[in-house]
**Q** 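Take this structure, written in structure tokens, and hold onto it; I'll ask about it next.
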Amino acid sequence: MMIIDCHCHAGSGDGLTGPWDTRASLKHYLLRARKAGIRRTVLFAAFHSDYAIANKEVAQIVAGQPDRFYGFAFVHAARDRGRIHNMIETAVRQYGFVGIKVHRHDAAITREICMAARAYALPVLYDVAGEVSVCELLAQEYPDVSFIIPHLGSFADDWRAQLALIDHLVRHANIYTDTAGVRRFDLLEQAVRRAGAHKILFGSDGPWLHPGVELAKIKALRLPLQQEALVLGANLHNLIHPARRQWPLAPARRQRAEQQNRQAVFPD
């Protein structure tokens, strides 16, 4: 089965607060992912003061290995206000990106972001940082947009938030979660049992968390093969399929693919 890591940062930040806004090198991540059998990875930027710059750097990484990476556009809901649609248009049409990344640490998600996601048929990976009640509003206002709430709702291991998110997964068809950094294994088991494997995506929060360790949690669930396949890649593939169908190959990725085809036909 195709194993896809739906949650990995890449590129340079421009801060010095911590690794999250300084640098997200893929050097060790790729070695670890290869050993774990992870064949594809969703990349988005490290925290940055200008996500247009950061997204461009991620786009260069994705274009370098288009058969290895997918790209999500990182946007700041407040600072990028008024230019989000243009940023997403660039990300989709020029970079071939297939999703949007938003973090509550920056600012709360806005209608502007949701409307851009709707316009380009993109899923939104929104780290709510424990504020899971917003899922009720997102599900009601934008039922045609898929929202992936990472870390089962809380990277900070907030048991109450994670438990509440499971209820949203059960009740709302367009609310999903990923497994990155989830430490309470019983809650992960409960999420699969109550909401179903079709609502859970494997993610590592690389390069800072070890993808092999995060993958081991999925294996430990001992799911039937068909359900495991959903969690490990099929769910992500289904969420990004509308965007890939509508925008099959951006110019940068097309040029790279054509170059690879030429090399295959006329090797050096």
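We use all heavy atoms of the structure for the numbers below, so side chains are in, but hydrogens, waters and symmetry mates are not.
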**Q** Could you measure the distance from the CZ atom of F72 to the SG atom of C8? Nearest 0.5 Å is fine.
**A**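 Going from CZ on F72 over to SG on C8, the span is 12.5 Å.
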
**Q** Would you call the rings of Y51 and F74 parallel, tilted or perpendicular, taking 30° and 60° as the class edges?
**A**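 Rings of Y51 and F74: parallel, as their planes differ by under 30°.
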
**Q** Short question: side chain of H9, backbone of A45 - any donor-acceptor pair under 3.5 Å?
**A**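 Looks like yes, one N/O pair under 3.5 Å.
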
**Q** For the pair L215 and F202, evaluate side chain to side chain contact (heavy atoms under 4.5 Å, CB included) and give the outcome as yes or no after the intermediate values.
**A** CA-CA 7 Å; L215 181 60; F202 161 62; 4.0 Å; yes

**Q** How does the hydrophobic cluster around F155 look, that is, which other residues are in it when side-chain heavy atoms under 4.5 Å mark a link?
**A**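 Traced through the cluster, F155 reaches L209.
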
**Q** Only one of L187, L188, V132 passes side chain to side chain contact (heavy atoms under 4.5 Å, CB included) with I166; say which it is.
**A**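 The single option meeting the side chain to side chain contact (heavy atoms under 4.5 Å, CB included) with I166 is L187.
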
**Q** Does the side chain of H172 come under 3.5 Å of the side chain of Q140 through a donor N or O and an acceptor N or O?
**A**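 There is no such pair between these side chains.
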
**Q** Would you compute the distance between atom CZ of R39 and atom CD1 of I3 and round it to the nearest 0.5 angstrom?
**A**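 Nearest 0.5 Å value for the CZ-CD1 distance: 9.0 Å.
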
**Q** Using the test side-chain contact (heavy atoms from CB on, under 4.5 Å), find all partners of N235 that sit at least two apart in sequence or belong to another chain.
**A**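 Scan of N235 (side-chain contact (heavy atoms from CB on, under 4.5 Å), adjacent residues dropped) gives H198, L201, L230.
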
**Q** Keeping the roles fixed (side chain from E57, backbone from S12), state whether a donor-acceptor pair exists under 3.5 Å.
**A**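 Here the side-chain-to-backbone pair exists.
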
**Q** Do we get R40 above Y70's six-membered ring, with its NZ or CZ under 6.0 Å from the centre and within 45° of the axis?
**A**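 Yes, a cation-pi geometry holds between R40 and Y70.
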
**Q** Does one side chain, of T41 or Y29, offer a donor that lies under 3.5 Å from an acceptor on the other?
**A**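 A donor-acceptor contact under 3.5 Å links the two side chains.
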
**Q** Mind checking what makes side-chain hydrogen bond (donor to acceptor under 3.5 Å, both in side chains) contact with D186, not counting sequence neighbours?
**A**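 None.
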
**Q** Find the distance between CD1 (I113) and CD1 (I84) and round it off to the nearest 0.5 Å.
**A**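 It is 4.0 Å, given to the nearest 0.5 Å.
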
**Q** Is a salt bridge present between R79 and D106, judged by a nitrogen-to-oxygen distance below 4.0 Å?
**A**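 Answer for the salt bridge query: no.
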
**Q** Under 4.5 Å between side-chain heavy atoms, counting indirect links through other Ile/Leu/Val/Met/Phe/Trp/Tyr residues: same cluster for V42 and M2 or not?
**A**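 Yes, because V42 and M2 connect within a single hydrophobic cluster, where side-chain heavy atoms sit under 4.5 Å apart.
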
**Q** If I compare all heavy atoms of P123 with all of V98, which pair ends up nearest, and what's the gap?
**A**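 The pair with the smallest heavy-atom distance is CD-O, 3.2 Å.
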
**Q** Kindly compute the distance separating CE (M115) from CD (E141), expressed to the nearest 0.5 Å.
**A**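 The distance works out to 11.0 Å.
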
**Q** Quick check for you: to the nearest 0.5 Å, what is the distance between C6 atom SG and L125 atom CG?
**A**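 Spacing of SG (C6) from CG (L125) equals 6.0 Å.
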
**Q** Looking at T179, D205, D127, which one forms a side chain to side chain donor-acceptor pair (under 3.5 Å) with H7?
**A**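 Of all the options given, the one that passes is D205.
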
**Q** Tell me if the aromatic rings of H76 and F47 count as close, with their centers under 6.0 Å from one another.
**A**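 That pair fails the under 6.0 Å test.
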
**Q** Hey, does the side chain of Q162 reach the backbone of H151 with a donor-acceptor pair shorter than 3.5 angstrom?
**A**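 Here the side-chain-to-backbone pair exists.
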
